[in-house]
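This is a predicted model, so every value here is computed, not measured. The sequence lines fix the lettering, A, B, ..., with proteins before strands; numbering per chain opens at 1.
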There are 2 protein chains.
Amino acid sequence: MFNKETEYALRGLVYVQIQQLKGLKPGIIEIAKEIDAPLFYTGKIMQRLVKMGFLLSTKGKGGGFYFDLNKEDLPLKTVIQAIEGGKAYSGCGFGLNSCNEDQPCSLHEQYAPIRDAINKLVSLNSVQSLARDYNDGDDILLKREKTID
Amino acid sequence: MFNKETEYALRGLVYVQIQQLKGLKPGIIEIAKEIDAPLFYTGKIMQRLVKMGFLLSTKGKGGGFYFDLNKEDLPLKTVIQAIEGGKAYSGCGFGLNSCNEDQPCSLHEQYAPIRDAINKLVSLNSVQSLARDYNDGDDILLKREKTID
DNA sequence: ATATTAAAAGACCAAAAGGTCTTTTAATAT
DNA sequence: ATATTAAAAGACCTTTTGGTCTTTTAATAT
Ligand code: FES
Ligand code: FES
């Protein structure tokens, strides 16, 4: 669905928000462990997210990542677009030059509603809404135990 | 949506089928030009498809690519899976360990129907059905003229 | 036979994605 | 002030994806 960087970014952001709801400010080591992502890579990605302005951080003792409470909710789409670019889920399913209604490909009629649904999903869901959902009970959002076979 | 190799493969297969309906047997040079893909890369991909048993080819004069008429229609999904592997559109939208109903993530309820729709689309549409649709009139399946700006 | 044609095989290359690690900078606590 | 802590910066590496090109093999036509 998404590439690794986007996946780790979304999971990391949601994890930070979950902790923030508990009044905590997690660091890279904790985040990487909890979202089950490579430590240094997670660090790099979180730093990129800070530079992009999606969240804040402080260095030193007691430091970590946190959200500016004055900012509005961050839709998944905003993060996805910032990392993967606008082409994600905006183009033709068949790889033609940008999909449109006037010159639809054979798959357009079937694909367009799917693409619209994906767009809706990532627009309506935010880092904050997912974190709130998570807080409501289930503990399987970020890291799932591998089923024993 | 798909990676380049899958895109070129699908376009190439559909193009071969379209030509076959006209009694023709296109070669790499023609295919690459018509589907607007890199010549040598197209060649490599078409060869891989032959080796995978999706279509046939003959060398030498009058040679080219064609389908075994005795075989049944080739669903897009079969091609996609052969190239990109089974993980495509079978996993969790959030990157957890394989999506399932028992331990759904926060997005599962919204994502599952989308994933199912994609699966249905690539299962119900085949190289042959797309080629037949194409033959019905519109000429924009494989290569679209860039709109003048 | 042999010249021609076109796919098959495979070596090779470039860019992007994914990932690791060290050094530097900025907080905080003592 | 200085030791400690943790993010920032950035060099570096590996794998995958995407792509190019040459050589070989197998058809066909003369
Ligand atoms: S034109 Fe191909 S999906 Fe819209
Ligand atoms: S468990 Fe995440 S989409 Fe199904």
Asker: A:G43 near the nucleic acid: base, sugar-phosphate alone, or nothing, with a heavy-atom cut-off under 4.0 Å?
Answerer: nothing
Asker: Would you indicate whether A:L39, at its atom CG, is surrounded by more than 12 heavy atoms from other residues, nucleotides or ligands within a distance under 6.0 Å?
Answerer: yes
Asker: Take atom NZ of A:K4 and atom C1' of C:dT20, then tell me their distance rounded to the nearest Å.
Answerer: 17 Å
Asker: By nearest nucleotide on DNA chain C, pick out whichever of A:G60 and B:K25 is the more 5' one.
Answerer: B:K25
Asker: If you look at every strand shown and take non-hydrogen atoms under 4.0 Å, does B:I28 touch a base, only sugar-phosphate, or nothing?
Answerer: sugar-phosphate
Asker: Establish, from distance only, whether the side-chain atoms of A:Q19 and A:K22 form a donor-acceptor pair under 3.5 Å.
Answerer: yes
Asker: Please tell me which of A:K61 and A:V50 maps to the more 5' nucleotide of DNA chain D, matching each residue to the nucleotide holding its nearest heavy atom.
Answerer: A:K61
Asker: With a 4.0 Å cut-off on heavy atoms, is B:K44 in touch with a base, just the backbone sugar-phosphate, or nothing at all?
Answerer: base
Asker: Hey, which sits more toward the 5' end of DNA chain C by its nearest nucleotide, A:T58 or B:G27?
Answerer: B:G27
Asker: For the pair A:F65 and A:Q20, evaluate side-chain contact (heavy atoms from CB on, under 4.5 Å) and give the outcome as yes or no after the intermediate values.
Answerer: CA-CA 9 Å; A:F65 297 87; A:Q20 186 155 342; over 6 Å; no
Asker: Round to the nearest Å and state the distance from A:E5 atom CD to C:dG19 atom C1'.
Answerer: 11 Å
Asker: Roughly how far, to the nearest 0.5 Å, is CD1 of A:I114 from NZ of B:K120?
Answerer: 9.5 Å
Asker: Report which part of the nucleic acid A:L39 touches: base, sugar-phosphate, or nothing (heavy-atom distance under 4.0 Å, all strands).
Answerer: nothing
Asker: Write down the distance between CD (A:E84) and C1' (C:dA16), rounded to a whole number of angstrom.
Answerer: 13 Å
Asker: Taking 5' to 3' order, which nucleotide of DNA chain D is first and which is last to have an atom within less than 4.0 Å of a heavy atom in chain A?
Answerer: D:dT5 to D:dA11
Asker: Hey, is B:E34 close enough to B:R11 for a salt bridge, meaning N to O under 4.0 Å?
Answerer: no
Asker: Can you tell me how far apart CG (A:L74) and NZ (A:K71) are? Round to the nearest 0.5 Å.
Answerer: 8.0 Å
Asker: Regarding B:Y15 and B:E30, is there a side-chain donor-to-acceptor distance under 3.5 Å anywhere?
Answerer: yes
Asker: More than 12 non-hydrogen atoms from neighbouring residues, nucleotides or ligands closer than 6.0 Å to NZ on B:K4, yes or no?
Answerer: no
Asker: When you look for runs of 3 or more Watson-Crick or G-U pairs in a row, both distances below 3.5 Å, which of them include DNA chain C?
Answerer: C:1-30 with D:1-30
Asker: To the nearest 0.5 Å, what is the distance between CD (B:Q128) and CZ (B:F67)?
Answerer: 5.5 Å
